[in-house]
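Notes follow once the structure below has been shown.
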Amino acid sequence: MAIHRKRVAGIGLAIVAAITVYGALQYSDLRARYTEHRLSGATTHEERLVAATQLFTSGNVGRNRLFSSLNTGDEAICTAIGEAIQTSFATLPAIDPLRAECANSILATYENDSEPGQVAVLNLAPEFLKCTDPAIVEKVRGVVKSGLGSTNTVRVAAAKIAARPGMKLHAELQPLLHDAESSVRASALLGVGTANDTTLPDEELFRWLNDPASEVRTVCEAVLQTRGRSATDISMGRRLTHPSATERLSLLLDLAEEPGRDVGPWLECLSRDPEPAVRAAAARVAIETKVLFANWIDLLAKNDPDATVRQVATYHRCRANGTLTPTSYAP
């Protein structure tokens, strides 16, 4: 009889515990729903930020609702969610399991998020990259690569992350240098231009010094400065790639009057100019300034598609009298 009573008591306690747990879950869900409602109805950034932070700190139920809210097309809500998550992440060590758990949950639904939601996720990418799990880094790479082919706003956010160490997306960034949207070009230029490799040499970068958008020109100047280029170099690079052939010819005249400056690299670039008159003038200036340069003048004399350029180059090559040196360099 005593054993029976104990068994009944045990069952009763289990039922009470189950009811308690169920009640707690119901309460957590109810509280999360209420906080989510406050988030969607908030009228200020501060109110949205408070509600989003409460959802993040209220456990899995609240976090799941918070992450799902990235599906909304409301930019203000998505911005607040991203800021709340970033602030909460700041208190978590890189090895904290919660960081990885959140990263996996957020990245898993990226493709279903709205445009503002995807921007918020991409802005959180630096926090996700602090995780020690290589699989998360690969997932971040996947969403960034996807973002590079998305809308203008998403492409801008993705381009800022694509050049970070470990992303290996420099090749995917380069087509965006010619994007119709200036903000996309600026972000891509910053990413590619500051990469620790030679994917885009200075000679190629110079062309964006003449971009129609001032923000792109400013970024290009800044990138060249980080590469050690002087104000004079940048000015010459702008003229070297100027869309007007007259301006490029003017640069040649100035190079002819640059005593003590190594003008050979600039002349070699101008020998590849699309304008025949510029190529011919480059050969003439090279001889008149008595520079030791690569054998590009021989290539002009033999292979240039313009007959006049070949003739001029041949004439000046004869004047060089064997002083051509087969070396190469870049401006």
Beyond-backbone contact of Phe67 with Cys102, side-chain heavy atoms, under 4.5 angstrom: yes
Note, Leu173 side chain near Leu189 side chain (heavy atom, < 4.5 Å): no
Shortest non-hydrogen contact between Cys131 and Ala103, atoms and distance: SG-CB, 4.4 Å
Check: Ser58 and Thr35 side chains under 4.5 Å, non-hydrogen atoms: no
Flag side-chain contact, heavy atom, 4.5 Å: His178 against Trp208: yes
hydrophobic_cluster_shared for Val312 and Leu299, side chain cutoff 4.5 Å: no
Partner set under side chain to side chain contact (heavy atoms under 4.5 Å, CB included) for Gln311, not counting sequence neighbours: none
Chi angles and distances behind the side chain to side chain contact (heavy atoms under 4.5 Å, CB included) call for Val119, Val156: CA-CA 9 Å; Val119 171; Val156 171; over 6 Å; no
Glu127: salt bridge (Lys or Arg N to Asp or Glu O under 4.0 Å) partners, not counting sequence neighbours: Arg99, Lys130
Side-chain heavy atoms of Lys139 within contact of Pro134, under 4.5 Å: no
Hydrophobic cluster membership, Val61 vs Leu39, 4.5 Å side-chain cutoff: no
Ser230 (side chain) donor-acceptor with Asp233 (main chain) under 3.5 angstrom: yes
Same apolar cluster: Val137 and Leu124, side chain cutoff 4.5 Å: yes
Arg279 and Asp306: CA distance, side-chain angles, deciding distance, salt bridge (charged side-chain N to carboxylate O under 4.0 Å, His left out) verdict: CA-CA 10 Å; Arg279 300 197 300 275; Asp306 188 275; 5.2 Å; no
Contacts of type side-chain hydrogen bond (donor to acceptor under 3.5 Å, both in side chains), residue Arg239, not counting sequence neighbours: Glu247, Ser250, Asp254
Results of salt bridge (Lys or Arg N to Asp or Glu O under 4.0 Å) for Asp179 - residues two or more places apart only: Arg155
Flag, side chain of Arg48 to backbone of Ile81, donor-acceptor distance under 3.5 Å: no
Check: Arg65 main-chain N/O paired with Ser69 side-chain donor or acceptor under 3.5 Å: yes
Cluster check Leu190, Leu129: I/L/V/M/F/W/Y, side chain < 4.5 angstrom: no
Heavy-atom neighbours of Ile95 CD1 exceed 12 at 6.0 Å: no
Whether over 12 other heavy atoms sit under 6.0 Å from His37 NE2: no
Shared hydrophobic cluster, Val192 / Val223 (ILVMFWY, side-chain heavy atoms < 4.5 Å): yes
side-chain hydrogen bond (donor to acceptor under 3.5 Å, both in side chains) against Thr151, all qualifying residues, sequence neighbours excluded: Glu115
Derivation and outcome, side chain to side chain contact (heavy atoms under 4.5 Å, CB included), residues Thr79 and Asn123: CA-CA 10 Å; Thr79 299; Asn123 289 337; over 6 Å; no
Side-chain ion pair, Arg238 and Glu221, N-O less than 4.0 Å: yes
Exam field: side chain Asn210 to backbone Thr241, donor-acceptor pair closer than 3.5 Å: yes
Test item: Leu224 and Cys220 side chains (from C-beta on) under 4.5 Å apart, heavy atoms: yes
Smallest separation among heavy atoms of Gly237 and Leu209, with atom names: C-CD1, 3.8 Å
Side chain to side chain contact (heavy atoms under 4.5 Å, CB included) between Leu107 and Ile136, worked out: CA-CA 9 Å; Leu107 293 170; Ile136 293 180; 4.2 Å; yes
Result block: side-chain N/O donor-acceptor pairs under 3.5 angstrom for residues 141-149, not counting sequence neighbours:
unit_1 : atom_1 : unit_2 : atom_2 : d
Arg141 : NE     : Met167 : O      : 2.7
Arg141 : NH2    : Lys168 : O      : 3.2
Ser146 : OG     : Glu111 : OE2    : 3.0

Flag, side chain of Glu47 to backbone of Thr43, donor-acceptor distance under 3.5 Å: yes
Under 3.5 Å donor-acceptor, Thr53 side chain and Ala84 backbone: no
Glu172, CD atom: more than 12 neighbouring heavy atoms under 6.0 Å: yes
Under 3.5 Å donor-acceptor, Asn71 side chain and Ser68 backbone: yes
Contact check, side chains of Tyr110 and Gln118, non-hydrogen atoms, under 4.5 Å: yes
Close side-chain approach of Arg63 to Asn60, heavy-atom, < 4.5 Å: yes
Distance-only polar pair, side chains of Arg31 and Gln54, donor-acceptor under 3.5 Å: no
Backbone N/O of Thr72 and side chain of Ser114: donor-acceptor pair under 3.5 Å: yes
His316 and Glu288 side chains, donor-acceptor separation under 3.5 Å: no
Donor-acceptor side-chain pairing of Asn152 and Glu181 below 3.5 angstrom: yes
Backbone of Asp304 reached by a side-chain donor or acceptor of Arg310 within 3.5 Å: yes
